[in-house]
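Everything on this sheet refers to the single structure shown next.
Please read these numbers as outputs of a predicted model, since none were measured by experiment. Counting starts at 1 for both ligands and their atoms, in listed order.
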Amino acid sequence: MTADHWQRLRDHAETLKPIGLRGLFSAENNRFERFSVSLDDLTLDLSKTLITEETLGLLFALADNCQLMARRAAMFQGAPINTTEDRAALHVALRNLSGAPMYLGGADVMPEVLTTLARMSAFSAAIRSGSLTGHRGARFTDVVNIGIGGSDLGPAMVTAALAPYADGPRLHFVSNVDGAHIADTLKPLDPATTLFIVASKTFTTTETMTNAATARRWIAGALGEEAVGSHFAAVSTALDKVAEFGIDKTRVFGFWDWVGGRYSVWSAIGLPVMIAIGAERFEAFLGGAHAMDLHFQQAPMARNLPVLLGLAGVWHRNVLGYGARAILPYDQRLARLPAYLQQLDMESNGKRVSRDGTAVTEATGPLVWGEPGTNGQHAFFQLLHQGTDVIPCEFIIAAEGHEPDLAHHHRQLVASCLAQSEALLRGRDLAEARRQLTAEGHPADVVEKLAPHKVFPGNRPSITLVHDKTTPYALGRLIALYEHRVFVEGTIWNINSFDQWGVELGKELACALLPLLAGQTPETGPGEPVHDSSTLGLARRLCRAMREESTTPET
Ligand SMILES: O=P(O)(O)OC[C@H]1O[C@](O)(CO)[C@@H](O)[C@@H]1O
């Protein structure tokens, strides 16, 4: 019974709480050796979490009880584990560069995967070399990816992270339907040297279709309708819809319904990344993810990074009751990683019913948020250290930066990262605070007044991930680690991590509101308003101002 496993974990947690994290460190001086695990140069340090070997044993037993190994095998075997959409979740095939067969319903998907990859390589090489040009024969200097969610966050995050490896055209990403996004992006660009990639799995997403139509008008307006074909490419699973938009099929890169949007950066959705860094480095990125796939499949639980990271997440969420996790990359170029992981984690595991549709009995995905360190330290770390909620922090740091001339910056970055996790653990008690204030020469009354404010409770958990350098390979491996972590947690919670029904209702209601904002009277059902009075009131209020704005003559 899974309930017994939860109970054992909760009973065990009660025995650890009075000891606390600091207590564990005082009692054992080799926690780092015991609770950190590596895959090549990637080290996962769990020692600053409230765990012991017994904790891990209980978590492994829970994982066994939840059939983690069988579920993992089902994913790699292409079983339709996304049951509500009757689809496999076989994104791992996209980084299987060995080409060893991977089956979906008895058919090997690898030939198609490798063919698409080869087409992407040829296309990106032609753009990078300038052999494929715009309508007027000019080389493309700028590429604008139009997409949202998984069709934006992955390539945008990876392109920024791997900027030191970029030697192709400049990349831009437009996602928001707010006209400001595309307007600001296009302002400095020259239509003659700009290529658009319209990226949408479904090719129906309103934001993307609206932005794509605006981009199309921009090209047609500047270069003529006949130029459109030379300035657009598309990435989609809906090839018929792409054809309707008017993009030539030689410039369309497909992927498959067994690739979820938030798992798609490895597919043709990664085309902008390939254009920026070249096919060889893109393949290194895939190679890093593949190494993590093999590790996830082969390593025993006690050495398995995704299993350990996932179970630490479950321990924090369900047993210790922490509702959030902070993602803190000490790497400015990983600034979009928290946003990327928000979609990966929260769209996957923000669920309230089990796989069979019954209500879950345990809490599921936590709130995921974050910012790069050290900026976060000067903003929200106050709450992490002294707020009333405990938020487990996940620090990510490379041993080496990409700026050899600025090694002293990197030393400060590393020192800050380590100091934060140390401070969270260690804290500062009242006596220490008093001693410090006295040593600073404050009079006794000031010491008494200030000391409580200078207390840090400590005992706050954190996880640290370290690798040598954020190379394409290391980044691929890191993202795949987080993907599998989400899978491990979703398996323990017995939810479907691969659907996203929760995004639908808002989309439907937005469609229903559009006529109202265009000044039409909403239809009402028998005796019932279609919209609640707040939504209706706000819509009318906005509508009035919108019309006034649109009729205001330009000055
Ligand atoms: O690639 P598409 O089909 O435009 O979808 C974009 C995003 O929208 C979502 O469906 C959520 O609305 C995501 O799952 C997806 O990544």
Side-chain angles (χ1 to χ4, degrees), residues 81-91 94 116 120 144-159 173-178 181-182 196-216 232-245 247 252-273 336-351 365 368 479 482-483 486-487 490 495-514:
I81 57 173
N82 176 358
T83 45
T84 59
E85 296 180 304
D86 196 23
R87 290 175 184 167
L90 202 53
H91 45 281
L94 301 167
T116 304
M120 288 165 62
V144 181
N145 187 79
I146 297 180
I148 197 166
S151 300
D152 165 72
L153 286 164
M157 181 275 284
V158 173
T159 302
F173 293 86
V174 172
S175 52
N176 202 323
V177 76
D178 181 349
H181 202 177
I182 193 156
F196 290 94
I197 299 174
V198 185
S200 175
K201 181 174 171 182
T202 54
F203 228 72
T204 55
T205 306
T206 317
E207 292 88 343
T208 301
M209 292 304 109
T210 306
N211 280 321
T214 300
R216 195 183 198 288
F232 277 83
V235 181
S236 186
T237 59
L239 303 185
D240 48 337
K241 297 199 175 70
V242 180
E244 274 168 39
F245 184 88
I247 300 177
V252 180
F253 300 87
F255 61 113
W256 306 273
D257 70 2
W258 42 265
V259 182
R262 53 196 176 272
Y263 299 87
S264 65
V265 68
W266 324 101
S267 71
I269 290 289
L271 182 62
V273 180
R336 293 298 281 159
L337 183 70
Y340 174 82
L341 293 182
Q342 273 175 340
Q343 188 198 16
L344 177 64
D345 201 324
M346 294 166 79
E347 203 171 72
S348 297
N349 284 346
K351 307 285 164 67
V368 177
I479 301 172
Y482 271 99
E483 281 182 355
V486 165
F487 176 82
I495 55 179
N496 180 355
S497 299
F498 297 103
D499 61 11
Q500 57 284 314
W501 300 105
V503 303
E504 297 298 330
L505 182 58
K507 287 185 195 174
E508 286 163 25
L509 294 177
C511 277
L513 281 166
L514 274 176

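Phe232 places a side-chain heavy atom less than 4.5 Å from the side chain of Phe245. Side-chain contact check for Ile146 versus Phe196: some heavy-atom pair is nearer than 4.5 Å. Inter-residue side-chain proximity for Asn496 and Thr83 is flagged as met; some heavy-atom pair is nearer than 4.5 Å. Residues Tyr340 and Ile479 are in side-chain contact: their nearest non-hydrogen atoms beyond the backbone lie under 4.5 Å apart.
At least one heavy atom of Gln343 lies less than 4.0 angstrom from ligand 1.
The shortest contact between atom 10 (O) of ligand 1 and any protein heavy atom is with Lys507 NZ, 3.8 Å. Closest protein heavy atom to atom 3 (O) of ligand 1: Thr202 OG1, 2.6 Å.
For Arg336 against Leu153, the heavy-atom pair with the smallest separation is NH2-CD2, 3.5 Å.
Atoms of ligand 1 lying under 4.0 Å from any heavy atom of Thr205, numbered from 1 in the order shown and given with element: 2 (P), 3 (O), 4 (O), 5 (O). Using a 4.0 Å cut-off to heavy atoms of Gly150, the atoms of ligand 1 that qualify are 15 (C), 16 (O). Each of the atoms 6 (C), 7 (C) of ligand 1 lies under 4.0 Å from some heavy atom of Ile148.
For the pair Arg87 and Phe498, the cation does not sit on the ring face, since its NZ or CZ is not both under 6.0 Å from the ring centre and inside 45° of the axis.
Of the polar atoms of Glu347, at least one N or O is found under 3.5 Å from an N or O of ligand 1, judged by distance alone.
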